[in-house]
Amino acid sequence: MAIRPLRYLGDPVLREPARAVKRFDDELRELVDDLFQTMIYEEGAGLAAPQIGVALRVLVVDVRREEGDEARVALVNPRVVEHSTRSDKEPEGCLSIPGVTEVVRRPAGVTVEGFTPEGKPVTLEAEGLFARALQHEIDHLDGVLFIDHLSPLKRRMLLKKYRKLSEEPG
Ligand code: NI
């Protein structure tokens with residue numbers, strides 16, 4: 001088990017569609033452990049494998065503090081199979097784009113299908129922050145970042161701020 005270095009905006013692995021997992025083996029379970037450890041270390045609500053440079057469809061989310069005990073999951077090959085027509089607007093950030101947040105509109109509820117790291121099929125119904133975190137992390141598996149959901153003007157302003165932060169010493 002290890003904390004792995006994060007990949008940041010501009011790294012091509014964040015823009016590649018990740019590959020489906022075919023083998024549910026010890027290597028996969030080690031990846032999941034590393035994702036949890038790295039997420040905890042970085043104080044994130046979720047983390048997707050491409051964010052540590054692994055182009056596989058694996059993610060972890062932990063929003064138990066906000067959403068209760070069910071809201072900690074590791075999902076393999078997840079997909080959104082249904083979403084509510086109602087949407088929410090909440091501020092969002094990303095460990096791969098540190099220091100900036102912006103309000104993102106997303107469906108308020110989703111049904112997600114996938115597999116546990118042991119290969120067992122699971123279906124999750126999520127709302128609130130849990131639904132938002134799952135959608136954000138699943139986006140990562142398709143090379144999509146939260147900034148892609150912003151208007152061109154909002155995105156430009158956010159990237160300008162991000163670049164300025166990145167240039168500041170320390
Ligand atoms: Ni992210």
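First listed ligand is number 1; within each ligand, the first listed atom is number 1. In this chain, residues are counted from 1 in sequence order.
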Report task. Provide the full list of ring pair (Phe, Tyr, Trp, His ring centres under 6.0 Å) pairs with a residue in residues 27-64, sequence neighbours left out, each pair given once. Result -> none
Query raised in the report: What residue among Glu137, Arg72, Met39, His136 forms side-chain contact (heavy atoms from CB on, under 4.5 Å) with Val61?
Result: Glu137
Report summary line: Within less than 2.8 Å of the Ni ion (ligand 1), the count of protein N, O or S atoms comes to 3
Query - Of all pairs that satisfy ring pair (Phe, Tyr, Trp, His ring centres under 6.0 Å), the ones with a partner from residues 83-116, not counting sequence neighbours - result: Phe24-Phe115
**Report entry** Asp142/Arg15 salt bridge by N-O under 4.0 Å criterion
**Finding:** no
Query raised in the report: Salt bridge or not for Glu90 and Arg105, using N-O below 4.0 Å?
Result: no
Requested in this report: Please list, chain by chain and in numerical order, all residues satisfying salt bridge (Lys or Arg N to Asp or Glu O under 4.0 Å) with Asp34, sequence neighbours excluded.
Outcome: Arg4
